[in-house]
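Data block below; observations after.
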There are 2 protein chains.
Amino acid sequence: MTMSDVARLAGVSKMTVSNVVNNRAGVSEPVRRRVMEAIRQSGYRVNVSARTLRSGRTGVIGLAVPDIDSPYFGHLASHVIDEAGQRGFHVAIEETGAAATGEADAIAHSRTLQFDGLILSAVELNRRDDLTDADYPIVMLGEQDFGGRFDHVAMPNEEGTKAATAHLVDQGCSRIAIVTGGLEGVNMVTRRHEGYLAALAERGLGHDPALHFALADMSMEAGWDAAQRIADRDRPVDGVVAVTDTVAQGVLRGLADRGLRVPDDVRLIGFDDIPGAKFMVPSLSTVAPDHGWMAAKAVELVADRIHTPLRPAGQYVAPFKLEIRESTR
Amino acid sequence: MTMSDVARLAGVSKMTVSNVVNNRAGVSEPVRRRVMEAIRQSGYRVNVSARTLRSGRTGVIGLAVPDIDSPYFGHLASHVIDEAGQRGFHVAIEETGAAATGEADAIAHSRTLQFDGLILSAVELNRRDDLTDADYPIVMLGEQDFGGRFDHVAMPNEEGTKAATAHLVDQGCSRIAIVTGGLEGVNMVTRRHEGYLAALAERGLGHDPALHFALADMSMEAGWDAAQRIADRDRPVDGVVAVTDTVAQGVLRGLADRGLRVPDDVRLIGFDDIPGAKFMVPSLSTVAPDHGWMAAKAVELVADRIHTPLRPAGQYVAPFKLEIRESTR
DNA sequence: TTGTATGCGTTATCAG
DNA sequence: CTGATAACGCATACAA
């Protein structure tokens, strides 16, 4: 069922059908009706591939995340789909598996599949990697630092973690652990660690490297494991800053398994404000970045760059607020 | 940068380039090397739209879910992406918003965007709806009943809920509430309710309609709300079957807010085994369907139907097991 | 206001 | 084993 078929059915040329389909001016009302009727009867649909081949645009933007099977990225993806939809874009989601190769592949795929642009939530790729695709509309979302080469919508990593840590101090905590990843490079983990250190310094508390608990990955399992190590310590900890809410959920469970009560024995604060945070027992205090704002900004930036390829890269940081809940009361 | 350019660079015809790109037999080794080198130098990529226009296949399958911002569908989507990737398909995710219109739109979109097939996790569309697209490869995933018109990979709704309810009885519960949706039609809610009734009957317990707590939607908020109504009752409840783990999480939190202890005062069991279930406090007992199996089956069915359009529709039910955790100990 | 010719980049077919 | 040619379905430019 092609435009030609519809044209024959309506007794017009296929160009007229094209004009009707694309709502172009210059078609008389009676002809338009006849064509619409022919379309309805025949069940005709435009062939997007043919249109794309001609126009060079697919109307699809890619969204590459480490893992949609995680509340945070699921939540973010949901916002991105919304925003993109409002601008007439479809979203294709790609999983990178939190690996630099997966992230590089996502860029290659995105071009191969001819997405109009890509929103990449990179956690491994960084400025040292050889990214030669800076001409293609890519927006970096999240944590990594690319030295200003790409549009970048960042999380309030330092500011947020600093506020979280300061909050723990203000609640009376003095031996505050941080549960996070390794400290190489410039990324989410190190940025958040900086915020932690800054708050301790500002509040006049010393910093004890033994209170840095490293994770194998950003999972609940890893958080649980860190909680075991925390509970094993001789000198108790009275506050924990978890690098994400997902990790915090594992910590919460791990502490419960060791009979440590939150917040009575240990106060705990996370980062992200995932949907489940306020339903945990106890409910989880957390740094709540404005996910809707991030998604909107990212989509706006890709859309904008598709239209204006040479605009200089923009750097943005999402606003946040501290959600104080039971885990730090 | 097109095939013709590469062909000129390599001193061959574009057909030969096509043959190399598609790993087709019948290209001599020296020519193949020359072409590969030309591709490398020029940074050529195939134009997927052109290929699609010619071949009629996009290599993309759509996955329509109510909401990826939910642990269950995020988890499922992750599995589907994996499985599809292994078969050389890309996945485009669409959100339906748990509405019949959204679900119908997803089908239309899927065809317009020329996906090779669609996996539709329908929660509202049902057999009475006018679905004229049965010729296009659609696999229904989940709950709704379509009277055998589509390939269907179902959850073990009745069997699972029956086992869950029986387990509560075996743990000594006698006044068991069910927290779920309204009881119209044949869908996840009613199927699971049937399982609940079947277990009560089998165990010789009466059924009290007052113990049916209806939800506005399948959210944690709604679960929390149901828990308030449960706590408000004069005659206490000693067991709760929640229609999903997400709802159960809300119930758990709602009971905690009312000072009811799980499992001491009330035992609670969910459905789905979302990633967070075993990290809740207390950890959540649940019906654990084999998500990997479901995803694999669904992808297999679409792939198969793309190849064999006229095969009769198949009906499958996912295997499950009961995960017994603290909430029902 | 409507129609005709042409080409987008690829692949199927068939000839060399 | 390699190449020429003709589609795939649509939209641009221009003619009528």
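Chain naming here is simple, since letters A, B, ... match the order of the sequence lines and numbering starts at 1 in each.
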*Give me the residues of residues 18-26 of chain B where at least one heavy atom lies under 4.0 Å from an atom of DNA chain D, by number, or none.*
B/Gly26

*Check the distance between C/dT10's C1' and B/Gln114's CD and give it to me in whole angstrom.*
15 Å

*Heavy-atom contacts under 4.0 Å between residues 35-43 of chain A and DNA chain D, which residues?*
none

*asked:* Is it the case that atom CE in A/Met15 sees more than 12 heavy atoms from other parts of the structure closer than 6.0 Å?
replied: yes

*Hey, are B/Arg24 and B/Ser18 close enough side-chain-wise for a donor-acceptor pair under 3.5 Å?*
yes

*In terms of the nearest nucleotide of DNA chain D, which residue is placed more toward the 5' end: B/Leu53 or B/Glu29?*
B/Glu29

*Whole-Å distance separating the CZ atom of A/Arg32 from the C1' atom of C/dT2*: 14 Å

*Give the rounded distance in Å between these two atoms: CZ of A/Arg34 and P of C/dT2.*
8 Å

*Flag the pair A/Glu37 and A/Arg34 as a salt bridge only when some basic side-chain nitrogen lies within less than 4.0 angstrom of an acidic carboxylate oxygen.*
no

*Roughly, in whole Å, what's the span from CE in B/Met1 to P in C/dT10?*
11 Å

*Distance-only donor-acceptor check, side chains B/Ser110 and B/Tyr136, under 3.5 Å*: yes

Compile the donor-acceptor pairs under 3.5 Å between side chains in residues 56-63 of chain A and protein atoms, sequence neighbours left out, one pair per line.
| from | atom 1 | to | atom 2 | distance (Å) |
| --- | --- | --- | --- | --- |
| A/Thr58 | OG1 | A/Val60 | N | 3.3 |
| A/Thr58 | OG1 | A/Gln114 | O | 2.7 |
| A/Thr58 | OG1 | A/Asp116 | OD1 | 3.1 |

_Could you tell me how far apart A/Asn47 (CG) and D/dC10 (P) are, to the nearest whole angstrom?_
5 Å

*asked:* Can you confirm whether A/Asp67 sits close enough to B/Ser78 that some side-chain heavy atom of one is under 4.5 Å from a side-chain heavy atom of the other?
replied: yes

*Qualifying salt bridge (charged side-chain N to carboxylate O under 4.0 Å, His left out) pairs with a residue from residues 83-110 of chain A, counting only residues at least two apart or across chains*: none

*To the nearest angstrom, how far is B/Arg57 atom CZ from C/dA12 atom P?*
11 Å

*Partners of B/Asp151 by side-chain hydrogen bond (donor to acceptor under 3.5 Å, both in side chains), sequence neighbours excluded?*
B/Arg305, B/Arg311

*Is A/Arg54 touching bases, backbone alone, or none of the nucleic acid, heavy atoms closer than 4.0 Å?*
base

*Would you classify A/Thr2 as touching base, sugar-phosphate or nothing, given that sugar-phosphate means primed atoms plus P, OP1 and OP2, and contacts are heavy atoms under 4.0 Å?*
sugar-phosphate

*In whole angstrom, what separates B/Asp5's CG from C/dC8's P?*
11 Å

*Roughly how many Å is it from CZ in A/Arg51 to P in D/dA11, rounded to a whole number?*
5 Å

*Those residues of residues 8-17 of chain B lying under 4.0 Å from DNA chain C by at least one heavy atom*: B/Lys14, B/Met15

